[in-house]
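The block underneath contains the structure these notes are about, expressed in structure tokens.
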Amino acid sequence: PGAIDALRDISTITELFLAHLPLPGRARWTIHVACLLRDIGKLSITDEVLQKNDYLTREEYEIVRRHPVVGARIVEPLKGLDEAVPFILHHHERWDGKGYPDGLSGEAIPIGARVVGLVDAFYAMIRGRPYADRARGLRYACEEIRRNAGTQFDPELARRFLDVVDANRDIIATLVEDAEAEVVDPEVVEPEASTEPEAEEPETEETEDEGESERVEDGAQAGRVSITSTGRCAQYPDRDHGWANRRRRSVATNQFSRA
């Protein structure tokens, strides 16, 4: 039931967003499918890891980061869904080139993947995930998207997305896990409350690039890392944790240009 509800929520958000983008019908359908199948690669990950409420080990962190490639491989042989493959593969790339698996940047990232990544990040923040402690709420999600426009997210898509959220606040509010359902003006966002670690975790450094933060054990030290953004450990930002950064596969041509 939880998975079905999540798919319905994602479908609702995606449909609202795509209705405001100047894309042909086939492109919208393909992106919509990619949003629904974006995490199919997590089928290869055990529930022990996916549902873990404690720190992820470094090995578990690497396993979770592989899901875009695994998902693309699952979908690729399915007739009629091949156009969705690059959107699934690259939905954790970042506008600034610090994402994964291939470190693409800007418009080199297929527009479908940019849409999927934006929807995925937003939903993670308003609903929460086992390893992300709690849902952050709608105000927080909107602020994070605005703040990360031009670094993590396509700035134009981010602006349009916030406009859609604001115009459909009643619908979006029904999807929010947190009791907070206020939608801020996408152009004027007040500072959110401090996101400093709670007192019981004094050695924890928190990053919230996409609302999906992971914990990694490293001997006596432990810290948070975002596995859905830079793909690098927060404690070791200059260290390559990416098996994916060592692989380079040809990138599907962006089929849909910005209108």
Side-chain angles (χ1 to χ4, degrees), residues 6-42 67-69 71-72 75-76 80-127 138 141-142 144-168 171-172 175 186 209-212 226 228-229 251-259:
L7 288 175
R8 287 172 178 164
D9 292 348
I10 287 291
S11 183
T12 298
I13 296 169
T14 303
E15 185 174 358
L16 290 172
F17 188 24
L18 290 176
H20 290 76
L21 297 181
L23 297 171
R26 176 68 182 183
R28 293 182 186 181
W29 180 87
T30 303
I31 295 172
H32 199 146
V33 169
C35 281
L36 298 179
L37 298 179
R38 72 198 187 285
D39 285 339
I40 194 171
K42 289 183 179 179
H67 79 272
V69 173
V75 174
E76 190 171 17
L81 298 182
D82 55 307
E83 293 179 2
V85 170
F87 307 156
I88 295 170
L89 176 63
H90 296 297
H91 76 278
H92 283 305
E93 305 286 1
R94 289 172 50 110
W95 187 256
D96 59 10
K98 297 180 180 179
Y100 63 90
D102 291 319
L104 303 183
S105 63
E107 295 191 359
I109 306 169
I111 188 170
R114 287 177 256 156
V115 171
V116 175
L118 189 50
V119 171
D120 180 63
F122 178 76
Y123 190 66
M125 287 186 281
I126 66 172
R127 293 298 299 178
L138 202 51
C142 290
E144 282 296 284
I145 289 174
R146 185 200 65 80
R147 185 173 66 86
N148 289 286
T151 53
Q152 182 173 341
F153 307 116
D154 177 330
E156 176 61 18
L157 286 182
R159 182 189 67 78
R160 288 177 183 247
F161 186 83
L162 290 176
D163 286 344
V164 169
V165 171
D166 188 55
N168 296 276
I171 297 175
I172 299 296
L175 310 179
D209 283 345
E210 270 189 316
E212 182 181 355
S226 172
T228 58
S229 53
V251 178
T253 303
N254 185 355
Q255 302 171 20
F256 315 118
S257 59
R258 188 189 303 275

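Sequence positions, counted from 1, serve as the residue numbers for this chain. Small disclaimer: the values here were computed from a predicted structure and weren't measured.
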| message | For the backbone of L104 and the side chain of E93, can you confirm whether one donor and one acceptor N or O come within less than 3.5 Å of each other? | response | yes
| task | State the OG1-CD1 distance between T14 and I31, to the nearest 0.5 angstrom. | result | 9.5 Å
| said: Once rounded to the nearest 0.5 Å, what's the spacing between atom CD1 of I126 and atom CD1 of I172? | reply: 6.5 Å
| Between W95 and S105, is any pair of side-chain heavy atoms under 4.5 Å apart? | no
| So does D39 pair up with K42, basic N to acidic O under 4.0 Å? | yes
| Hey, is the main chain of I109 close enough, under 3.5 Å, to the side chain of R114 for a donor-acceptor pair? | yes
| task | Report yes if the side chains of I13 and V164 come closer than 4.5 Å at any heavy-atom pair, otherwise no. | result | no
| field | Considering all heavy atoms, the nearest R94-D96 contact | value | NH2-OD2, 2.7 Å
| query | Going by the angle between their ring planes, with limits at 30° and 60°, are H92 and H67 parallel, tilted or perpendicular? | reply | perpendicular
| field | Side-chain heavy atoms of E83 within contact of W29, under 4.5 Å | value | no
| remark: Of all heavy-atom pairs linking A113 and P86, the shortest is CB-O, 4.0 Å
| message | Test your reading of the model: is there a side-chain donor-acceptor pair from T12 to the backbone of R8, 3.5 Å cut-off? | response | yes
| query | What closest approach, in Å, do S11 and H32 show between heavy atoms, and which atom pair accounts for it? | reply | OG-NE2, 2.9 Å
| request: Would you mind reporting whether F122 and V165 have side-chain heavy atoms less than 4.5 Å apart? | output: yes
| field | Minimal non-hydrogen separation, V116 against A34, with atom names | value | CG2-CB, 3.9 Å
| message | I need the minimum non-hydrogen distance between A72 and L89, along with the two atoms involved. | response | CB-CB, 3.9 Å
| note | F17 meets the ring pair (Phe, Tyr, Trp, His ring centres under 6.0 Å) criterion, sequence neighbours left out, with F161
| Backbone of L157 reached by a side-chain donor or acceptor of R160 within 3.5 Å | no
| query | A6 and Y123: which non-hydrogen atoms are nearest, and at how many Å? | reply | CA-OH, 3.3 Å
| field | P68 and I88, any side-chain heavy atoms less than 4.5 Å apart | value | no
| request: Before giving the answer on side chain to side chain contact (heavy atoms under 4.5 Å, CB included), spell out for C35 and D120 the whole-Å C-alpha distance, their side-chain angles and the decisive distance to 0.1 Å. | output: CA-CA 8 Å; C35 281; D120 180 63; over 6 Å; no
| task | Verify, without hydrogens or angle tests, whether R127 (side chain) and D9 (backbone) share a donor-acceptor contact under 3.5 angstrom. | result | no
| remark: Separation between CG (L118) and CD1 (I145), nearest 0.5 Å, reads 5.0 Å
| task | Ignoring hydrogens and angles, tell me if any N or O in the side chain of T151 forms a donor-acceptor pair with the backbone of N148 under 3.5 Å. | result | yes
| query | Rounded to the nearest 0.5 Å, how far does CZ of F153 lie from CD of E144? | reply | 8.0 Å
| query | Under a 4.0 Å N-O cut-off, is there an ion pair linking R28 with E15? | reply | no
| Pairing residues for N168 by the side-chain hydrogen bond (donor to acceptor under 3.5 Å, both in side chains) criterion, not counting sequence neighbours | none
